[in-house]
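Naming convention: chains lettered A, B, ... in sequence-line order (proteins, then strands); numbering from 1 in each chain.
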Amino acid sequence: MFTRTHTCGELRASHIGQTVRLNGWVNSYRDHGNLIFIDLRDRYGVTQLVFDTDDAKNAGAADAGDKHAHTGMMGAADKLRNEDVISVEGTVRIRSGGENPKLDTGKVEVVVTSLVLLNKTENPPFLPDVIGTLPNEEVRLKYRYIDLRRPAMQKIVSTRSKALQSVRKYFVDANMFTEVETPVLYKSTPEGAREFLVPCRNVPGSFYALPQSPQLFKQILMVSGCDRYLQICRCFRDEDPRADRQAEFTQIDLEMSFVRREHIMTMMEGFVRHFWKDMLGYDVPPMQRMTYRNAMETYGIDRPDTRYGLHITDISEIAAKTDFKVFRDALAKGADRPRFNSKRGVVKAIRVPGGAEKLTRKITDGYSDLAKRFGAGGVATAKYIADPAGAKFDTGCAKFLEPIKAELVAALGLEPGDTLLFIADTYSVATKAIGELRQQVARDTNVVPKPGAEGGPWNFLWVIDFPMFEKNKDTGKWIAMHHPFTAPRDDQRDLFVSASVDDDDTIESIVSAGYDIVLNGSEIAGGSVRIHDRDVQSKVFQLLGLTPEQAKEKFSFLLEALSFGAPPHAGIAFGFDRLIMHICGTDNIRDVIAFPKTQVGADLMTRAPSAATPAQLKDLFIASTWTPEPSKA
RNA sequence: GGGGCGAUAGCUCAAUUGGUUAGAGCACCGGCCUGUCACGCCGGAGGUUGCGGGUUCGAGCCCCGUUCGCCUCGCCA
C-alpha cells in the first residue's frame, strides 16, 4: 500500500529510470500552476518530487488531472501544504532544471504518478525547516514532535542511540560487563539530593523513593559475585535544574570487583578513548591527572577548564608584607590554621595578560558583584603599566602594591599591560570566588576555545585525591564529599581509623579514593573505590553523625552484606546526557533529551505534573496540605 | 527561597522619551504562473500587546502584583 522502496535521502543518479515509492512530510512546495515541486522529507533526507500535468500523463499516471479544474492528482497536489504526510509513487529522473548541490539527492527528482495523502496537517505553529531564528523554547517544548522533526534534532536523537550501542560494545562485548537492571521503586535514604517520593498503596503511610543513583544496589551486586556491572539507568534528583542538569537524567553506571583505583581508572580511560574514537573518530591522548588540591589552588574549582591559562596564585605570604586593609583583614581570619585549611585567611590573585586594555572599568566593577555572589567582599584590581621610570602599578589598589612589587612580578610573571585581580578571604570563600572570577575573565577576554565538537581541544582530565569529608555550612555537620560509601585512599586508612569524631582538622585532611573525569571544565564522570569493610563503613557513618541505631535503620542491609564476604570493589558513573552534549556540541541538556522538562519540572507537551483525583489520593491514603495563596491584589 | 533577562498576529520581530486605526517577513486563505529549490506576482484574513490592578486626558511603552519560559545563586551525598 504505502510500503516505501527507498528513503528520502537515498536516491542518486544510479536510480534514474526506476519506479520508486517514497513516504514523508511535505518540507516545502513550489507551485508553478501546471508544474508543482514538493520537497519530501523524512529522517534520512529530502527528495524533490515533481507534479507536471504533461509529464504525469506521459509517465502513465492513471489520473493525472488538471490543476485548474482541481481534478485528479494535480488538483490534490495543488492542495498540499507544509507538513502534510504523503506517500508517492513515481519515476526517478535527472533534474532538467539543473541539480541542487545543497541536497544529497540533488541530482535527481521523482516524477509522481500516484499521490496518497496519508494525513492532512493543521497549520503548524512552526516548521521543521527553520530559516533564521528558532522559535522560543516554550513553543519548541509544547510541540516537541514538530521540533524533533528538525534534522538537527533527528541527528542528536540518532547520535544518542548510536552512543548507547557504543557503550555496550565496549563494556559488554569487549570487557565482560554484565548489564543488570535495578529497582526504580527504591528505599528512601534522605542523605544527599532531595528525593522524589512514591506512595505505597499496600502499606499506608509509607513511601518508596526514586533512586538518585543505583549506588547501593550495584555494590550489593559486587557482593553477589556479579564482578563487572553496567547499567544505563535513569536517576532522579529533585533539585532545581541548570543548563546541563535535569531532575531526571541518565547515567552510565559501572562497578568492578577485585580492583583498586588504578585498575578502574585504566578501564574507564579506555572507555573514553573507545567512545570518542567510535563517535567522532578522535583519538583521546593519555589523560592528565590533577589532585583536587592542585585543581582548587590553580583553578579554584574541582572541575578545571584547562583549555586556557589565567592560573590562580596564592600570594598570602607576599600580601602580608603590605599594609592594605583588605589583605590584612582577610589574613587575620584563621591565621593559626594549617596551610590548606578551609578557614585559613588567604589572598589569591589572577594575572590577566593584556588586561589593562581588555578589561574596562565597567567590566572590573562587575567582578566585585560576581565575587560578592560567592560570599567574598569584592575584587581588588590594579594595572601594571609601562613607565619611563620602570613599569609600575596604576589605578585600583596600586599604591598598596608598590612595596611588594618585585615579589609580585616574580611570583606572577607580570608584564607591562597586565591587570591583576585579587580576592582576599578565607581559603574556601576566596578559592571558590576567584575560581568563578577566572571563568568570567576567560569569557570576557575571549580566551575560551570553541567546544571540541567545533574543532576546539578536548581537554580530558582525571581529578583525584578528593577530601573524604566537607563541612555542611548550615548544620555544621560533616558530610561525605562524594558519598558515604567512598573509601579512604589506601594510604589514608590508618589516619582515618584513628580520627576522633571531634578532630575537625584531621577529618578535613583525610583523602578519599575518589576520582572524577573532567572535560573542558565539565564533570562527565565521578566515582570511587568503595568501602568493603564493615568496620570502616561504620566509622564513616559515625563521623557523619549517625548513631549506630540510625546507621542500622538506614543501612543495615549494606552493613550485613559487607560482613558476608564483600570483595574489594570500585565504580564510577558517567553523566550520559552530558557526554552527548559534548559529542553534539550543545550547551543545553534539553537538546539531547527527547522529552525534557522545564525549570520547574514541567513537561509542556503532556502538561505533567498534574493534580491527582480525590479517588487516587484516597487509595494512597494521601491528603494534600497545599492551599492556593490568597491573592494580595 | 534569592538575583537577572524575557513575553506584541500561528512563528520571528518592529512600533520615535506616553500620542491617529499596533506594522513587516514567514506561515495561512483566495487567484495567477511549466523548471523551481528561501520560486515569483496579485489580493485577503489574522491582535484581550501573557494575566490582574494602578498612574494618566491618553499605556504595548511608566508603577505594583502575578503567571510562564530561560540563565543563575542556594541546592545537586
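Within 4.0 Å of A/S96, counting heavy atoms only, lies at least one base atom of the nucleic acid. When heavy atoms are screened at a 4.0 angstrom cut-off, A/F236 is found touching no nucleic acid atom at all. A/F374 comes within contact range of the sugar-phosphate backbone alone, with a heavy-atom separation under 4.0 Å but no base atom that close. Residue A/N82 is in sugar-phosphate contact alone, with no base atom involved, counting any heavy-atom pair closer than 4.0 Å across all strands shown. Across all strands, A/N136 comes closer than 4.0 Å only to sugar-phosphate atoms, never to a base (heavy-atom distances).
The NZ-P distance, from A/K597 to B/C70, rounds to 13 Å in whole Å. Atom pair A/D31:CG and B/G40:P shows a separation of 12 Å (rounding to whole Å applied). Atom pair A/K79:NZ and B/G30:C1' shows a separation of 12 Å (rounding to whole Å applied). The distance from atom OH of A/Y29 to atom P of B/C33 is 16 Å, rounded to the nearest whole Å.
For A/C8 against A/T105, the heavy-atom pair with the smallest separation is O-CG2, 3.5 Å.
Summarising the base pairing, B/G35 is matched to no nucleotide, lacking a Watson-Crick or G-U wobble pair whose two defining distances lie under 3.5 Å. Base pairing annotation: B/G43 forms a Watson-Crick or G-U wobble pair with B/C29, both donor-acceptor distances under 3.5 Å. In this structure, B/U20 forms no base pair with any nucleotide, since neither Watson-Crick nor G-U wobble geometry is met with both distances under 3.5 Å. In this structure B/C62 sits in a base pair with B/G54, meeting the Watson-Crick or G-U test at under 3.5 Å. Nucleotide B/A15 is matched to nothing when pairs are restricted to Watson-Crick or G-U wobble geometry with both distances under 3.5 angstrom. Across all strands shown, B/C76 forms no Watson-Crick or G-U wobble pair with both key distances under 3.5 Å.
Not a single donor-acceptor contact under 3.5 angstrom links the side-chain atoms of A/R373 to the base of B/C73. Side-chain atoms of A/N123 and base atoms of B/C28 include no donor and acceptor less than 3.5 Å apart. Taking only distance into account, the side chain of A/R95 meets the base of B/C37 through a donor-acceptor pair shorter than 3.5 Å. You won't find any donor-acceptor pair under 3.5 Å spanning the side chain of A/R140 and the base of B/C11, going by distance alone. Between the side chain of A/R194 and the base of B/G1 there is no donor-acceptor pair of N/O atoms closer than 3.5 Å. Side chain A/N34 to base B/C33: no donor-acceptor pair is found below 3.5 Å.
Ion pairing between a basic and an acidic side chain is recognised when a charged N comes within 4.0 Å of a carboxylate O; A/D39 and A/R30 show such pairing. Taking a cutoff of 4.0 Å between a charged side-chain nitrogen and a carboxylate oxygen, A/D465 and A/R261 qualify as a salt bridge.
Residue A/L134 is the one, among A/D52 and A/L134, whose nearest nucleotide of RNA chain B lies closer to the 5' end (criterion: closest heavy atom). The residue among A/K67 and A/P135 whose nearest nucleotide of RNA chain B lies closer to the 5′ end is A/P135.
With distances taken from any side-chain atom of A/R242 to the nucleotides B/C73, B/C70, B/C37, the minimum falls on B/C73.
Residue ring and base: A/H32 does not count as stacked with B/U36 (centre distance below 5.5 Å and interplanar angle below 30° not both satisfied). By the 5.5 Å and 30° criteria, A/F126 is not stacked with the base of B/C11.
For the side chain to side chain contact (heavy atoms under 4.5 Å, CB included) criterion with A/D42, the lone passing option out of A/T7, A/N27, A/V85 is A/T7.
B/C62 and B/G19 have their P atoms separated by 11 Å, given to the nearest Å.
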